[in-house]
**Q** 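I'd like to ask you about the structure that follows.
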Amino acid sequence: MSGVPEPEEFRAAARRWLTGAARPRAADGEWGSGSDSVAVFDNWTEEQEREHTARVQEWERTRYDQGWSAFNWPREYGGRGLPAYYEQLYRAEEAAFDIPHRPEIFPVTQALVAPAIGLWGTEEQKRRWLVPLLRTDELACQLFSETEAGSDLAAVRTRAVREGEGWVLTGHKVWTSGARVATWGVAVCRTDGAVRKHAGITVFMVRMDAPGVTVRPIRQMTGGTSFNEVYLDGVRVPDTDRLGPVGEGWRVTLSVLAAERLDSGGLGLDNADRALDLAGHLPRPLTGAERQRAADLHIRTLVQRLMGLRVTAALVAGREPGAEASVGKLYATETMRRTSDLVSELLGPSLVADTGEWGTYAWTEHLLGAPGYSIAGGTDEIQRTILAERVLGLPKEPVR
């Protein structure tokens, strides 16, 4: 395909390729069969995570090798030089096919870390990292959050000290998804404690199998361990693995966070749709209050999808959709809350008693996981602060 195809032409070509590369997803209407999992965060053991990761890597490599991945990247990196929103056009077609679910490590690698390297990396770093990351031969996790820093990422305490031709990293990161299967970790570190906190930060690419790196799983309320703590105990990193200039790490970090918020607008839609299906398959009539909640949730899913189109429109226009992304993140977390409210009302005691009935007790994983997204990807409070400052023009400091 030469040049930029029309969206419908592109989607038709994607459907043709997918038809030959994957099986169609089971037809709608098969309520009560297949998996009833509605887990917000993947709930698996390390062995299960590694097995599933390998299956997804196989599919992502097939996509890449046949020209159906990295759409907006230059051809030298295996891309097609298409506008960024063509990835969303492709995903809309792929949703109709039975392909392995992509855990968080994959969008982090391809949509967050790779673009940051494309923006901040040296030419040698781009040659070394971009194709392996886009093809998912190598995977990358985020070593951002810390227990001491809370939502204030600029307050990180993990230190990087210059030593000879490299750096020595010491500290503790938390809530790291995919750390057990990642090849690299993108570490936000403090390199200068004598300047204002935003100015004393530098970012490094850290080998996750390097001496001194320890990954410890965090047990979730649901029983799974998809998050991890990562300890950096005197980890040596060559200066060639520094991403961006020394002391400019806050700007590098912001580029990753902006991409993360762009990817969050579709959060919870699948489970909201499943909750509406549950309302339609109850063996009893809905009460007036239940009908009202279901109608409200249905409208919210439509609005949330329209908000996603606004983010896409901003990308098409060549501007950063900062406000749209923050509003979308806030709206998505509220959709998840209202999904929980509807399901709780529909199922009652069936929600908390594991009777083996399909589509009932499985919802506990949504109820326990959904509140986490009011923190993940930038807390609700942070998103409101962004909107207050950048849209409403309110002062950063409260008026005294």
Side-chain angles (χ1 to χ4, degrees), residues 73-74 76-78 105 108-110 112-149 153-174 176 178-216 228-257 259:
W73 287 87
E76 63 185 293
Y77 300 118
I105 188 74
V108 166
T109 297
Q110 296 167 309
L112 275 63
V113 177
I117 293 172
L119 181 63
W120 292 98
T122 64
E123 290 305 312
E124 189 279 330
Q125 288 175 333
K126 294 175 187 178
R127 287 192 297 270
R128 178 157 58 109
W129 281 323
L130 285 180
V131 169
L133 293 175
L134 292 171
R135 194 174 183 267
T136 71
D137 295 320
E138 297 180 349
L139 298 172
C141 62
Q142 294 172 261
L143 300 177
F144 280 27
S145 297
E146 298 183 7
T147 53
E148 297 87 355
L153 191 56
V156 294
R157 298 184 184 181
T158 294
R159 296 198 61 82
V161 178
R162 191 67 183 256
E163 188 172 293
E165 296 299 314
W167 301 79
V168 178
L169 276 56
T170 303
H172 172 223
K173 299 293 184 176
V174 73
T176 305
R180 297 185 293 200
V181 296
T183 315
W184 297 93
V186 185
V188 179
C189 302
R190 182 153 305 284
T191 48
D192 189 345
V195 297
R196 61 184 181 85
K197 62 183 182 181
H198 290 85
I201 290 174
T202 307
V203 173
F204 299 88
M205 295 286 285
V206 180
R207 288 282 309 191
M208 294 300 289
D209 59 358
V213 176
T214 302
V215 177
R216 296 181 183 173
N228 306 273
E229 295 178 281
V230 178
Y231 292 85
L232 306 173
D233 186 12
V235 179
R236 296 185 177 276
V237 175
D239 192 55
T240 52
D241 290 353
R242 170 174 48 83
L243 186 58
V246 175
E248 293 291 329
W250 184 243
R251 295 172 62 198
V252 179
T253 302
L254 287 180
S255 66
V256 177
L257 293 177

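Excluded from the calculations below are hydrogen atoms, water molecules and symmetry mates; all remaining heavy atoms, backbone and side chain alike, are included. Quick note: residue numbers are just sequence positions, from 1. Every value quoted in this text rests on a predicted model; they were computed, and no experiment measured them.
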**Q** Do Leu232 and Thr170 have side chains that approach each other closer than 4.5 Å (heavy atoms only, starting at C-beta)?
**A**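 No; the side chains remain at least 4.5 Å from each other.
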
**Q** Quick check: do Val215 and Arg180 have side-chain heavy atoms less than 4.5 Å from each other?
**A**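 Contact flag for Val215/Arg180 side chains = yes.
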
**Q** How close do Ala160 and Cys189 get, heavy atom to heavy atom, and via which atoms?
**A**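 Shortest heavy-atom contact: CB-CB, 3.8 Å.
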
**Q** Distance check, rounded to the nearest 0.5 Å: Leu169 atom CG versus Phe204 atom CZ?
**A**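 Going from CG on Leu169 over to CZ on Phe204, the span is 5.5 Å.
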
**Q** Whether the side chain of Thr109 engages the backbone of Ala140 through a donor-acceptor N/O pair (distance < 3.5 Å, no angle test) should be reported.
**A**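 Here the side-chain-to-backbone pair exists.
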
**Q** Enumerate the salt bridge (Lys or Arg N to Asp or Glu O under 4.0 Å) contacts for residues 183-199, please, sequence neighbours excluded, ordered by first and then second residue.
**A**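 Checked against salt bridge (Lys or Arg N to Asp or Glu O under 4.0 Å) - neighbours excluded - the pairs reaching residues 183-199 are Asp152-Lys197.
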
**Q** Measuring only between side-chain heavy atoms, which start at C-beta, is Glu248 closer than 4.5 Å to Thr202?
**A**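 No, side chains not in contact.
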
**Q** Looking at side-chain heavy atoms only, is the closest gap between Val156 and Phe144 below 4.5 Å?
**A**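 Result no, sub-4.5 Å side-chain heavy-atom pair not found.
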
**Q** Does a salt bridge link Lys173 with Glu229, judged by any charged N lying under 4.0 Å from a carboxylate O?
**A**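 Result for this pair is no, no salt bridge flagged.
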
**Q** Identify the two heavy atoms, one from Val181 and one from Leu139, that lie closest to each other, and give their separation to 0.1 Å.
**A**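 Looking at all heavy atoms of both residues, the shortest contact is O-CD1, 4.0 Å.
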
**Q** Tell me the closest heavy-atom pair linking Ala114 and Leu130, and the distance in Å.
**A**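 Result for this residue pair: O-CD2, 3.4 Å.
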
**Q** So, for Ser145 and Leu153, which heavy atoms are closest and what is the spacing to 0.1 Å?
**A**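 Of all heavy-atom pairs spanning Ser145 and Leu153, the closest is N-CD1, 4.2 Å.
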
**Q** Just say parallel, tilted or perpendicular for the rings of His198 and Trp250, cut-offs at 30° and 60°.
**A**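 His198 vs Trp250 ring planes: perpendicular.
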
**Q** In Å and rounded to the nearest 0.5 Å, what is the CH2 to OG1 distance from Trp129 to Thr122?
**A**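 It is 7.5 Å, given to the nearest 0.5 Å.
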
**Q** Rounded to the nearest 0.5 Å, how far does CG of Asp239 lie from CD of Glu163?
**A**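 Answer rounded to 0.5 Å: 13.0 Å.
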
**Q** Any ion pair linking Asp241 and Arg128 (charged N to carboxylate O, less than 4.0 Å)?
**A**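 Yes, Arg128 and Asp241 are salt-bridged.
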
**Q** Contact between Met205 and Val113 at the side-chain level, heavy atoms closer than 4.5 Å - yes or no?
**A**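 Result yes, sub-4.5 Å side-chain heavy-atom pair found.
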
**Q** Which pair of non-hydrogen atoms, one from Leu112 and one from Val256, has the smallest distance, and what is that distance?
**A**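 Leu112 and Val256 have their closest heavy atoms at CG-O, 3.8 Å.
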
**Q** Among side-chain atoms of Glu146 and Thr158, is any donor-acceptor pair under 3.5 angstrom?
**A**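 A donor-acceptor contact under 3.5 Å links the two side chains.
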
**Q** For the residue pair Gln125 and Trp120, establish whether any side-chain heavy-atom pair is separated by less than 4.5 Å.
**A**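 Gln125 does not reach Trp120 side chain to side chain.
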
**Q** Rounded to the nearest 0.5 Å, what separation is found between the OG1 atom of Thr191 and the CZ atom of Arg162?
**A**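 Thr191 OG1 to Arg162 CZ: 10.5 Å, rounded to 0.5 Å.
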
**Q** Under 3.5 Å, is there a donor-acceptor pair between the side chain of Arg242 and the main chain of Gly244?
**A**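 Checked: pair present.
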
**Q** Is any side-chain heavy atom of Thr147 closer than 4.5 Å to a side-chain heavy atom of His172?
**A**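 Yes - at least one pair of side-chain heavy atoms lies under 4.5 Å apart.
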
**Q** Which atoms form the tightest heavy-atom contact between Ser255 and Ala116, and what is the distance?
**A**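 Ser255 and Ala116 have their closest heavy atoms at OG-CB, 4.1 Å.
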
**Q** So, do Arg207 and Trp184 sit near enough that their side-chain heavy atoms are less than 4.5 Å apart?
**A**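 Counting from C-beta outward, Arg207 and Trp184 do come under 4.5 Å.
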
**Q** Can you tell me how far CG of Leu133 sits from OG1 of Thr183, rounded to the nearest 0.5 angstrom?
**A**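 Spacing of OG1 (Thr183) from CG (Leu133) equals 8.0 Å.
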
**Q** Show your working on salt bridge (charged side-chain N to carboxylate O under 4.0 Å, His left out) between Glu124 and Arg127 and close with a plain yes or no.
**A** CA-CA 5 Å; Glu124 189 279 330; Arg127 287 192 297 270; over 6 Å; no

